[in-house]
K.L.:
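Just dropping this structure here.
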Amino acid sequence: MLVRLGIACALVCGALTLDSVAIAPAAGGESRTMMRGTTAQKHPVKLAVRHRSIDMIRFVAKLRCGDGTVLTDYESGFEPTPLRGSRFRDHQEGSTDEVWFRGKVRGKRVSGKIRVRDRLGKVRCDSRWFSFKASAKR
């Protein structure tokens with residue numbers, strides 16, 4: 001009986017050690033899962049999911065301007081957004097633009113909505129809310 005318990009403990013402890021090594025983050029910081037997808041505007045979106053935050057890396061948005069112009073914005077350079085459970089929500093500002101995004105993480109998938117406002121001189125441009133979906137790259 002004592003020998004069986006020792007073997008069982010060794011097997012369980014060995015399995016726990018192997019699992020711990022398998023999920024340990026890479027040297028130099030917290031691991032992240034890269035996600036790629038598209039927006040409802042049919043443009044690419046790229047982000048990363050960390051344990052406690054979302055990194056919106058880049059996306060493309062079309063905005064309609066007050067003078068009738070259609071502006072294509074290439075957005076990047078965002079600060080990390082904290083996760084609250086599986087949800088996120090943020091508002092970030094640049095020199096001429098504002099970006100809002102919100103959404104939910106479900107396993108290896110992320111979905112949500114984005115809105116961008118920008119200005120060209122005195123003309124204001126707005127994308128209105130549009131959705132996006134992304135999943136872990138394979």
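Sequential numbering from 1 along the given sequence is applied to the chain's residues.
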K.L.:
Keeping the roles fixed (side chain from Ser127, backbone from Val116), state whether a donor-acceptor pair exists under 3.5 Å.
P.N.:
yes
K.L.:
State, with a plain yes or no, whether a side-chain heavy atom of Trp129 is found less than 4.5 Å away from one of Arg102.
P.N.:
yes
K.L.:
Check for me, please, whether Phe130 and Met56 land in the same ILVMFWY cluster - side-chain distances under 4.5 Å, paths through other members count.
P.N.:
yes
K.L.:
Closest approach of Leu47 and Val110, non-hydrogen atoms and distance?
P.N.:
CD1-CG2, 4.0 Å
K.L.:
Show every donor-acceptor pair shorter than 3.5 Å between a side-chain atom in residues 76-90 and any protein atom, with sequence neighbours excluded, or say none if there are none.
P.N.:
unit_1: Thr81; atom_1: OG1; unit_2: Asp90; atom_2: OD2; d: 2.7
unit_1: Asp90; atom_1: OD2; unit_2: Gln92; atom_2: NE2; d: 2.7

K.L.:
Report the distance from atom CG of Asp126 to atom CD of Glu98, rounding to the nearest 0.5 Å.
P.N.:
9.5 Å
K.L.:
How close do Met35 and Val49 get, counting heavy atoms only, and between which atoms?
P.N.:
CE-CG2, 3.7 Å
K.L.:
With a 4.5 Å cut-off on side-chain heavy atoms, are Arg52 and Arg50 touching?
P.N.:
no
K.L.:
Which heavy atom in Arg119 sits nearest to a heavy atom in Ser95, and how many Å separate them?
P.N.:
NH2-O, 4.0 Å
K.L.:
Walk me through it: do Asp118 and Leu71 pass the test side-chain contact (heavy atoms from CB on, under 4.5 Å)?
P.N.:
CA-CA 9 Å; Asp118 206 342; Leu71 175 67; 4.2 Å; yes
K.L.:
Between Thr38 and His43, is a side-chain contact (heavy atoms from CB on, under 4.5 Å) present by the stated rule, with each step listed?
P.N.:
CA-CA 5 Å; Thr38 57; His43 291 293; over 6 Å; no
K.L.:
Give a yes or no on whether the backbone of Glu75 and the side-chain of Asp73 come within a donor-acceptor separation of less than 3.5 Å.
P.N.:
no
K.L.:
Once rounded to the nearest 0.5 Å, what's the spacing between atom CZ of Phe59 and atom CZ of Arg36?
P.N.:
16.0 Å
K.L.:
Out of curiosity, Met34 CE to Ser135 OG, how far, rounded to the nearest 0.5 Å?
P.N.:
12.5 Å
K.L.:
Check Lys133 against Ser111 and note the closest heavy-atom contact, atom names and distance.
P.N.:
CG-CB, 4.2 Å
K.L.:
Filter on disulfide bond (SG atoms under 2.5 Å apart), then keep only pairs touching residues 36-77, sequence neighbours left out; what's left?
P.N.:
Cys65-Cys125
K.L.:
Write down the atom of Phe132, the atom of Lys113, and the distance for their closest heavy-atom approach.
P.N.:
CE2-N, 3.6 Å
K.L.:
Within a strict 4.5 Å, meaning less than it, do heavy atoms of the Arg117 and Arg124 side chains meet?
P.N.:
no
K.L.:
Ignoring hydrogens and geometry, is there a side-chain-to-backbone donor-acceptor pair from Asp55 to Ile57 under 3.5 Å?
P.N.:
no
K.L.:
Checking side-chain contact (heavy atoms from CB on, under 4.5 Å) for the pair Val60/Thr72: CA distance, chi angles, key distance, verdict?
P.N.:
CA-CA 7 Å; Val60 178; Thr72 300; 3.7 Å; yes
